[in-house]
Amino acid sequence: MIGTGILKGMAVTARNFVGSYFDKERLVTVQYPEERNPLPENYRNFPFLIYDGDDAHAGLRCVACKICEKECPPQCIYIVKSEDKKPDYMGKPQFYPKVFDIDVSVCMSCQICVEVCPFEAIKMDKDFELSTRERFDALLMRKDALAKSNDYYRRISPSDAREVDAKLAAAAEAAAKKKAAAPGAMPPAAAVPVASN
Amino acid sequence: MSATVETLEAMERPPVSMGSRLEGELLEVSMGPQHPSTHGVFRMNVALEGEIVRKLKPVFGYLHRNHEKIGENTSYLGSMPYTDRLDYFCSMTNNWAYALSVEKLAGIEVPERAEYLRVILAELTRLQNHASLLGFLLNDMGAWGTPLMYAFREREKILDLFESLSGSRMMCDYMRFGGCRVDASPEWLDYAKKIVDRFPRFVDELEQLIVGNEVVIARTQNVGNVSAELAVSAGITGPMLRACGVNYDLRKVDGYGFYPRFKFRIPLGEHGDTYDRLMMRLLEMRESVGILRQAFEQLPSGPIINPKVKIRAFRPPVGEAYGRIEAPKGELGFYLISDGGPNPYRYRVRPPSFINLTILEDMCLGHTVADVMVILGSVDIVMGEVDR
């Protein structure tokens, strides 16, 4: 009989309509921004720079090696290396980025910079509410805006941060052991005033 | 870009069942590029006689982003996130096709667990692609909203899975040469199993909603017929080819990945019309659920990436390779020529939806304008892949 197919379809819509009052599976709307779904731990959007401790300049892990700048597919990273050096987390004198810009209007959140970084200095952020009133300077993230503390990273992705912390602690320990084993060991570089070259 | 349509006096008129038989001038209508039913920025120059399509010329390139040239100027790894943006509904299968061709080029082995994860993610992609395609198709037919919302509700669950695994809903960038980037945790697998187990309920509902529906039957049966000969000679692949009754599925033909280890059937159509194409998607979703269940059962533990593959300074040996997979839309292939450098010498994509679109005119001639929408919807195009 003509019309039975349509009636069957209407039964499905009726089931969905009534079910939306009782069945959580059928009522999936989330009233953003009042309600929010929790973000998954692997969620990523734009990169940021990590610093250890409290001082964003002294603790910055980035050594301006420019690997991420080179590997970034849309080339949204711009780095200028410093002339002088500052001690890194292991006390070894290293360069630091004088300028570190990420154009988040160009960035495509591919996290290749995170994968290639040998210093665990750049990680993916979870902050996605980034709307601005203009599209040039406001979307160009400078070093100050990018630098975020390790505590922040521990908070947004705890299990990754734990892995990274363990890896860095092991590296620091190995370096300290090597230094102690070497005859006539120099005092830790952190204590020595850094010579500019 | 000139897009004129010549007058068609010399052309033989196909028989029509409806519309005006009055002799008159052809009316040229430019549909798109901003048209709700063209699935993106796609334009068709249609020559109409009354309501009947007498000539149709597709115009595309509005979403051209220079994908292939970019691929030749970035490193091999750097192209991986760009492949997400080809067919932005199925980034996982795009990743797989690209990774497969690079693995062929460089002779990289993939660990067993990674292959299983790839199968799982590709089949999940197929589920969500077909679900949203059916929603869009019914949307084009005038079932405004309802089936699309149901389809998107289910699609969103699968996208949540992708997000919790890879970090992004649509731009997953999940696969790497020689494996995958992140391992699936046991909780993720449990959740995925739960979603896959619930999925047939949605397929049943969708089937009830559309299969016997008189309006759907009137709008789709005998609309946009494609013969098997035309489909084969035009290089059509995927559900569109199988709707014509040609048994060609790369999962069976090539047996890439671990597909030979799974038991599944290839649904085949008979008439090659829009209704068969629609049914192909429904049936394929059921088969995908079956593959997923087997894959969850067989999933071994172990590493997910080949540790020998370097992330930086990856240089495959001189040579060429063509890797292809059965993407939800058809055969997706990447052809790469390496000169030994860090970026490919030639990078070519064989996009299924672009090649499936080439017979649009053959399908539309003699039908009404309203049918053009339905036929175009059943081809399953994504302009990101057509224009690249």
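Protein chains get the first letters and strands the later ones, always in sequence-line order, with residue 1 at the start of each. Bear in mind that the values here come from a model prediction, so they are computed numbers and not experimental data.
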Visitor: Tell me, for B:Val182 versus chain A, whether the close heavy atoms (under 4.5 Å) come from the side chain, the backbone, both or neither.
Guide: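 When you check distances to chain A, only side chain atoms of B:Val182 fall under 4.5 Å.
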Visitor: Please classify the contact between A:Val28 and chain B as side chain, backbone, both or neither, with a heavy-atom cut-off of under 4.5 Å.
Guide: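 Contact with chain B involves the side chain of A:Val28 alone.
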Visitor: Is it the backbone or the side chain of B:Thr146 that comes under 4.5 Å from a heavy atom of chain A, or both, or neither?
Guide: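 Side chain only.
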Visitor: Sort by residue number and list every residue of residues 66-77 of chain A having at least one heavy atom under 4.5 Å from chain B.
Guide: A:Ile67, A:Glu71, A:Pro73, A:Pro74
Visitor: Heavy-atom distance under 4.5 Å to chain A: side chain of B:Tyr150, backbone, both or neither?
Guide: side chain
Visitor: Measuring heavy-atom distances to chain A, does B:Arg181 have an atom under 4.5 Å in its side chain, in its backbone, in both, or in neither?
Guide: side chain
Visitor: Which heavy-atom pair separates A:Arg44 from B:Ser166 by the least distance, and what is that distance?
Guide: NE-O, 3.1 Å
Visitor: Any residues in residues 100-114 of chain A near chain B, with a heavy-atom distance under 4.5 Å, and which are they?
Guide: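 Against chain B, the residues of residues 100-114 of chain A that fall inside the cut-off (heavy atoms, under 4.5 Å) are A:Met108, A:Cys110, A:Gln111, A:Ile112.
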Visitor: Please name all residues satisfying salt bridge (Lys or Arg N to Asp or Glu O under 4.0 Å) with A:Asp127, sequence neighbours left out, ordered by chain then number.
Guide: none
Visitor: Answer with side chain, backbone, both or neither: which region of B:Ser168 has an atom nearer than 4.5 Å to a non-hydrogen atom of chain A?
Guide: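 Its backbone and side chain both get close to chain A.
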Visitor: Is atom NZ of A:Lys148 surrounded by more than 12 heavy atoms (other residues, nucleotides or ligands) closer than 6.0 Å?
Guide: yes
Visitor: Out of B:Ile210, B:Val211, B:Leu77, B:Ile70, return the one with the most heavy atom pairs under 4.5 angstrom to chain A.
Guide: B:Leu77
Visitor: Checking an interface table here. Which of residues 14-23 of chain A come within a heavy-atom distance under 4.5 Å of chain B?
Guide: A:Arg15, A:Asn16, A:Asp23
Visitor: More than 12 heavy atoms of other residues, nucleotides or ligands under 6.0 Å from CZ of A:Arg135: is that the case?
Guide: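 Count not over threshold, so no.
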Visitor: What option among B:Met171, B:Arg201, B:Arg169 has the most heavy-atom pairs under 4.5 Å with chain A?
Guide: B:Arg201
Visitor: Measure B:Leu165 against the heavy atoms of chain A and call it side chain, backbone, both or neither at under 4.5 Å.
Guide: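 Answer is backbone: N, CA, C or O of B:Leu165 sit under 4.5 Å from chain A.
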Visitor: Quick one: of B:Cys172, B:Pro147, B:Ser75, B:Ser79, who has the most non-hydrogen atom pairs under 4.5 Å with chain A?
Guide: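 Looking at each option in turn, the highest pair count goes to B:Cys172.
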Visitor: Surrounding OH of A:Tyr78 (heavy atoms of other residues, nucleotides or ligands, distance under 6.0 Å), is the total greater than 12?
Guide: no
Visitor: What distance do B:Met149 atom CE and A:Thr29 atom OG1 have between them, rounded to the nearest 0.5 Å?
Guide: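 Answer for the CE-OG1 pair, B:Met149 versus A:Thr29, is 9.5 Å.
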Visitor: Taking all atoms of both residues into account, what is the closest heavy-atom pair of B:Glu214 and A:Thr4, and its distance?
Guide: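 So the minimum-distance heavy-atom pair works out to OE2-N, 3.4 Å.
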